[in-house]
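Report on the structure given below.
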Amino acid sequence: MAETIIKISNMDKSFGVVRALQQVNFSVGSGEIHGLIGENGSGKSTVSSIIAGMQSADSGEMEFLGKPYQPADTVKATEAGVSMVVQEMGTISGITVAENLFLGREHLFCKAGFMNVGKMNRQAQELIDQAGIENIKASDLIDYYSFEERKLIEIVRALSSNPRLLIIDETTTALSLNGRNILYRIMKEMAEKGNSVLFISHDLEELMSICNILTVLRDGIIIDTIPKERFDAEDIKLKMVGREIKGDYYRADYACTFDKEVRMRMEHVCTHVLYDINLELHKSEILGISGLSESGIHDIGRLAYGIETPIYGKVSLPEIGSEVKNPLQSIHDKIGYVSKDRDKESLILRDSIKNNILINAYDRVKSGPFISGKKEKKFAQEQIDFLRIKCFDMTQFVSTLSGGNKQKVAFSRWMGVDTDVLILDCPTRGVDIGVKSAMYQLMTELKKQGKSLLVISEEMSELIGMCDRILVVKDGKINGEFERSQDLTEQKIIQCMI
């Protein structure tokens with residue numbers, strides 16, 4: 001019989017009136033890659049953060065390796081043998097990669113009051129190389145690296161303490177195909193050594209492929225724990241949401257339809273990453289941008305909103321005779337943008353849901369020259385109701401919301417302000433299947449309303465399911481174009497990507 005690594009009994013946790021966990025009981029055995037799945041707000045991150053020492057439960061017990069376990073903080077959890085890679089950014093800017101890897105353990109390299117920086121860098125580089133991660137130098141400032149590369153550094157940091165239990169919370173949403181393969185290999189090696197992985201993901205196919213056991217949470221309650229031999233996608237979806245969701249939740253039509261009118265045009269655009277980009281986004285069109293993470297696809301979204309400017313070429317709005325210059329001008333020209341890095345670029349986490357929703361809408365809530373508090377609340381509540389944002393009050397800080405509800409708030413900033421062009425960079429990153437379905441329905445409705453959507457995604461099924469056209473970017477250049485078709489496959493797109 002496999003050794004029990006972690007056992008949870010009768011765990012409860014509440015945040016105000018919201019019951020996040022209710023009588024949670026489950027265990028993770030040695031050699032397991034144990035999946036944890038549920039809708040946003042189901043309690044997945046709450047239970048994992050309690051195990052990792054980030055917060056405490058209101059009641060219940062935990063055992064780690066057969067002994068009572070109640071870590072006071074993440075340091076104590078790490079010392080006991082538990083490491084966690086969080087969903088959002090978990091590195092600190094302004095210091096080196098090595099300093100991030102050994103954060104809180106600098107004493108390992110101190111002698112007589114002096115820090116042996118060379119030794120720290122060498123050991124950090126060894127850990128990076130052992131993980132099979134290329135092109136990251138331990139002595140570099142962490143700010144030199146992308147969100148994905150910093151996430152890989154977090155994985156190395158988690159492994160550096162030789163944990164018996166590794167918790168991965170939604171990390172794969174930030175990784176490219178290569179990054180995911182590195183993580184999958186690390187997880188399998190952990191299990192083969194008799195250690196365990198608690199793997200949280202919204203990607204059901206990923207969980208069914210990687211995990212050997214899966215626990216389903218709904219509204220803070222354990223619904224079922226399912227061994228691999230009983231995995232069934234439709235049954236798991238039903239357990240997750242308490243209602244039937246068919247796999248077919250994209251657009252029902254296969255027609256490539258849009259107006260002739262061009263809303264946005266890129267002409268011979270070049271940057272340090274992109275080369276001679278030419279594209280047109282039409283009225284009533286969903287235009288997809290596909291490619292590997294490092295190919296330049298995300299730079300196209302930033303150019304379209306004016307965050308970055310071309311070295312050569314231009315981004316124009318023919319309909320109104322304007323050029324995209326900067327985000328402020330873009331807002332004035334009815335362009336909206338939801339960033340891949342929503343916590344850093346799309347939301348103000350330490351502010352209320354109401355204030356985040358209203359950030360672009362204050363001209364709509366005025367009474368004469370003054371802002372009307374009554375109109376503010378009405379406007380915010382309309383968006384909360386429209387997008388079904390799960391919260392106990394509009395004054396709740398965005399930082400307290402689940403990933404899917406954060407994404408809904410990011411969307412809500414643009415819904416009530418008559419946006420004509422909406423740029424969506426990885427719009428369903430870190431959201432559950434129920435929220436995805438709602439977002440796809442919203443995108444279809446916006447298309448019907450005559451809006452133009454530029455959708456950048458690393459999920460090919462999403463692009464194939466939703467877009468009228470898909471442009472494939474390889475090495476900074478557009479390498480292919482596909483129109484919506486019932487015959488379009490992921491394999492055809494991959495051939496242009498790689």
Side-chain angles (χ1 to χ4, degrees), residues 146-148 172-184 201-206 208-210 233 247-258 264 266 269 271 273-282 284-304 338 340 422-431 433 436-437 439-440 443-444 447 452-498:
S146 67
F147 184 78
E148 177 186 358
T172 53
T173 60
L175 301 178
S176 65
L177 180 61
N178 180 58
R180 291 183 186 195
N181 287 334
I182 291 171
L183 179 57
Y184 297 154
S201 174
H202 286 304
D203 189 329
L204 183 53
E205 289 184 9
E206 176 181 57
M208 292 174 66
S209 172
I210 299 299
D248 224 2
Y249 52 89
Y250 299 117
R251 279 171 59 182
D253 67 282
Y254 288 99
C256 175
T257 58
F258 48 82
M264 177 178 286
M266 291 190 183
V269 168
T271 68
V273 176
L274 298 170
Y275 307 96
D276 199 29
I277 298 295
N278 294 276
L279 65 83
E280 291 183 338
L281 173 64
H282 298 81
S284 299
E285 180 180 24
I286 303 177
L287 176 62
I289 306 293
S290 177
L292 299 176
S293 182
E294 62 273 15
S295 65
I297 57 174
H298 306 295
D299 298 83
I300 289 176
R302 297 171 71 82
L303 279 166
V338 178
K340 178 183 179 181
L422 188 57
I423 304 154
L424 304 175
D425 194 346
C426 297
T428 61
R429 182 178 78 85
V431 305
I433 192 167
K436 276 189 178 183
S437 179
M439 287 185 172
Y440 295 147
M443 290 162 66
T444 302
K447 172 183 165 65
S452 304
L453 281 71
L454 184 67
V455 180
I456 301 152
S457 178
E458 296 163 31
E459 304 294 334
M460 283 180 284
S461 59
E462 179 171 79
L463 294 173
I464 292 170
M466 292 305 302
C467 296
D468 295 294
R469 292 184 299 136
I470 300 171
L471 302 179
V472 183
V473 180
K474 178 184 178 183
D475 299 329
K477 299 178 182 178
I478 294 176
N479 196 46
E481 178 177 338
F482 298 92
E483 290 191 351
R484 184 169 186 77
S485 165
Q486 194 168 359
D487 300 323
L488 182 57
T489 63
E490 293 187 10
Q491 189 59 41
K492 290 179 181 178
I493 297 174
I494 289 171
Q495 288 175 354
C496 283
M497 286 171 54
I498 299 174

Donor on one side chain, acceptor on other, Thr428 and Glu462, under 3.5 Å: yes
Test Met466 against Thr444 for side-chain contact (heavy atoms from CB on, under 4.5 Å), laying out the working first. CA-CA 8 Å; Met466 292 305 302; Thr444 302; 3.4 Å; yes
Ser452 side chain to His282 backbone, donor-acceptor under 3.5 Å: yes
Would you confirm whether Asp425, through its side chain, and Ile423, through its main-chain N or O, come within 3.5 Å as a donor-acceptor pair? no
Can you find a heavy atom in the side chain of Met497 that is under 4.5 Å from one in the side chain of Ser290? yes
Inter-residue atom distance Tyr250.OH - Cys467.SG, 0.5 Å rounding: 10.5 Å
Minimum heavy-atom separation for Leu279 and Ile300, please, with both atom names. CD2-CG2, 4.3 Å
Closest non-hydrogen atom pair between Asp203 and Arg180, with its separation: OD2-NH1, 4.3 Å
Using side-chain contact (heavy atoms from CB on, under 4.5 Å), reason through Val473 and Ile289 one step at a time and then give a plain yes or no. CA-CA 7 Å; Val473 180; Ile289 306 293; 3.9 Å; yes
Salt bridge check: are Glu458 and Lys340 linked by an N-O gap of less than 4.0 Å? yes
Between Asn479 and Val472, is there a donor-acceptor pair closer than 3.5 Å when you use the side chain of the first and the backbone of the second? no
Do the side chains of Cys496 and Phe482 get nearer than 4.5 Å, heavy atoms only? yes
With a 4.5 Å cut-off on side-chain heavy atoms, are Leu303 and Ile277 touching? no
Looking only at atom types and distance, does a side-chain atom of Arg251 sit under 3.5 Å from a main-chain N or O of Ala255, one as donor and one as acceptor? yes
Would you say the side chain of Asp468 lies within less than 4.5 Å of the side chain of Leu287, judging by non-hydrogen atoms? no
When rounded to the nearest 0.5 angstrom, what distance separates OG in Ser457 from CD1 in Ile297? 7.5 Å
Taking the side chain as C-beta and beyond, is there a heavy-atom pair between Leu424 and Met439 under 4.5 Å? no
Indicate yes or no for a side-chain donor-acceptor contact from Arg484 to the backbone of Asp253 under 3.5 Å, with no hydrogens or angles considered. yes
Counting C-beta onward and ignoring hydrogens, is there a side-chain heavy-atom pair between Val455 and Pro427 closer than 4.5 Å? yes
Donor-acceptor pair, Lys447 side chain versus Leu453 backbone, under 3.5 Å? no
Side chains of Ile456 and His298 in contact at under 4.5 Å (non-hydrogen atoms): yes
Rounded at 0.5 Å granularity, tell me how far CG in Leu454 sits from CE in Met266. 6.5 Å
CD (Glu285) and OG1 (Thr257) are apart, to the nearest 0.5 Å, by 9.0 Å
Exercise: identify the closest heavy-atom pair between Ser295 and Val273: O-CG1, 4.4 Å
Assess whether side-chain contact (heavy atoms from CB on, under 4.5 Å) is satisfied between Arg469 and Cys256, documenting all intermediate values. CA-CA 7 Å; Arg469 292 184 299 136; Cys256 175; 4.0 Å; yes
Heavy-atom pair with the smallest gap, counting every atom of Ser201 and Glu206: OG-OE1, 2.6 Å
Are Ile470 and Met460 side-chain neighbours, meaning at least one heavy-atom pair lies under 4.5 Å? no
